[in-house]
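Just follow the structure's listing: the first ligand is 1, and inside any ligand the first atom is 1. Owing to the predicted nature of the structure, the values given are computational and were not obtained by experimental measurement.
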Amino acid sequence: MARPENDTFLRALLRQPTDYTPTWLMRQAGRYLPEYCETRRRAGSFLQLCKSPTLACEVTLQPLARYNLDAAILFSDILTVPDAMGLGLYFAEGEGPKFERPLREEWEIRALQAPDPNVHLRYVMDAVAEIRRALNNTVPLIGFSGSPFTLACYMVEGGGSEDYRTVKTMLYDRPDLLHRILDVTATAVTDYLNAQIDSGAQAAMIFDTWGGMLPAWAYREFSLAYMERIVASLKKVHDGERVPSIVFTKGGGQWLESIAAIGVDAVGLDWTTDLGTARQRVGDRVALQGNLDPVALFASPEGIAREARRVLDSFGKHTAKSGHVFNLGHGISQFAHPDSVTALVDTVRQYSRGFHEGTSA
Ligand code: CP3
């Protein structure tokens, strides 16, 4: 299995010269696309869609059929891992994810075990393999997982929360129990990502959606330390190709230097961080991914193009060692107009070329 024909995304993550800035969007397959809603209806529910490799493959490819994107991302969810640990994931209509059996009792936490991804998450590995076959080496496929801390938030709360009071109370009162959950979950995430890489994922991204709500000391101890452990154990090469890793902590821009130091290839940034300043802070140590405000997609096509240019201007001119992957600063809204994404992706593809001139040997 060779490099994909369009390897711009992989090259940017590895800080190798490219002709333009590659783009993909978090949640690029989702409810803003009518064809996604159609497939989801056929699947019966979001979870059944995730659990059917054929339908997951179908929706993974939908945004690539519409837009000039430089990567595909596995269609799944971060919460399939705690589901495989026996917590009973379900989606109550209009309420987001929930667990039937959240982790509260000490004996439940002591009994927690990392699942075997090739058994309990076989449907994800089958989807990865099916997507790779369907992509036919056109663009690379991104595999992903939640961070241990973000998964623990849902596992302890039993769903989303305004203030994550239950999990944070555990952090302050019973740090030993939270560390036990994070330890098992870090093993689960490592095995899960490595299984995705074995099945054909060409890059691995860790979504740390809730790490940014922690005090700095707690972020290091309860989120970053576990992501560091995972990154250290990820397969770096598969089929003779480097498999780059990305860590995205929403709200983590203030800790950029610390995140860049854990051994990752790229750091994802939300829209609150100035990209040019971020680049100065980390130099060429890592590639950066991001960071247009997802709400900018509700502006007119001209406004979207202007805001996309603002992000590219902020990053500035590339050198032979710089790397930037254009993305939103968080997932695309279900209310975004599909044509807005065209305006965005086409602007980045064209306008970014000027910043890459003279970088190739
Ligand atoms: O980016 C992609 O296109 C790949 C697919 C993907 C989904 N979820 C599909 C999804 C990815 C990478 C995720 C990650 C995920 N899931 C995160 C981390 C990133 C982030 O957004 O912060 C989190 C926190 C979750 C948990 C989750 N899943 C929530 C909170 C929700 C409900 C919120 C919502 O948007 O409805 C989901 C459901 C979900 N995951 C949907 C999709 C397309 C919508 C489900 C539907 O079709 O009804």
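- At least one heavy atom of Leu74 lies less than 4.0 angstrom from ligand 1.
- Using a 4.0 Å cut-off between heavy atoms, Arg27 contacts ligand 1 through both its backbone and its side chain.
- Gly211 and Tyr219 get closest at one heavy-atom pair: O-CD1, 3.5 Å.
- Selection from Ser76, Gly331, Cys37 by nearest heavy atom to atom 6 (C) of ligand 1 gives Ser76.
- Remark: Glu157 does not engage Arg165 in a salt bridge, criterion side-chain N to carboxylate O under 4.0 Å.
- Using modelled atom types and a 3.5 Å distance limit, the side chains of Gln202 and His238 yield no donor-acceptor pair.
- Looking at Arg110 and Asp176, a side-chain N of the basic residue comes within less than 4.0 Å of a carboxylate O on the acidic one, giving a salt bridge.
- You'll find the side chain of Phe149 stays beyond 4.5 Å of the side chain of Tyr226, heavy atoms only.
- In this structure, Phe248 does not count as a contact residue of ligand 1, since none of its heavy atoms falls inside 4.0 Å of the ligand.
- At a 4.0 Å cut-off, not a single heavy atom of Lys250 sits close enough to ligand 1 to count as contact.
- Counting heavy atoms only, His330 comes closest to atom 22 (O) of ligand 1 of the residues Glu95, His330, Gln62, Glu93.
- Heavy atoms of Ala29 come nearer than 4.0 angstrom to ligand 1 in at least one pair.
- In terms of polar-atom proximity, Arg31 is counted as a contact of ligand 1, with an N or O under 3.5 Å from an N or O of the ligand.
- Residue Cys50 places no heavy atom under 4.0 Å from ligand 1.
- For ligand 1, the atoms lying closer than 4.0 Å to a non-hydrogen atom of Thr209 are 18 (C), 19 (C), 20 (C), 22 (O), 24 (C).
- Under a 4.0 Å N-O distance rule, the pair Asp284/Arg279 does not qualify as a salt bridge.
- For atom 25 (C) of ligand 1, the nearest protein heavy atom (residue, atom name, distance) is Ile78 CG1, 3.6 Å.
- Atom NZ of Lys317 has more than 12 neighbouring heavy atoms from other residues, nucleotides or ligands inside a 6.0 Å radius.
- Heavy-atom distances between Pro97 and ligand 1 reach below 4.0 Å in at least one pair.
- Comment: Arg309 does not engage Asp313 in a salt bridge, judged by the lack of any side-chain N to carboxylate O separation of less than 4.0 angstrom.
- With respect to Asp265 and Arg242, a salt bridge is recorded, a charged nitrogen being found less than 4.0 Å from a carboxylate O.
- Distances between N or O atoms of Trp24 and those of ligand 1 include no value under 3.5 Å.
- Using a 4.0 Å cut-off between heavy atoms, Arg40 contacts ligand 1 through its side chain alone, with no backbone atom that close.
- Using a 4.0 Å cutoff on heavy atoms, Trp210 does not count as a contact of ligand 1.
- Note that CG of Leu292 and CG of Leu269 are 13.0 Å apart. Values are rounded to the nearest 0.5 Å.
- Of the polar atoms of Tyr154, none of the N or O atoms is found under 3.5 Å from an N or O of ligand 1, judged by distance alone.
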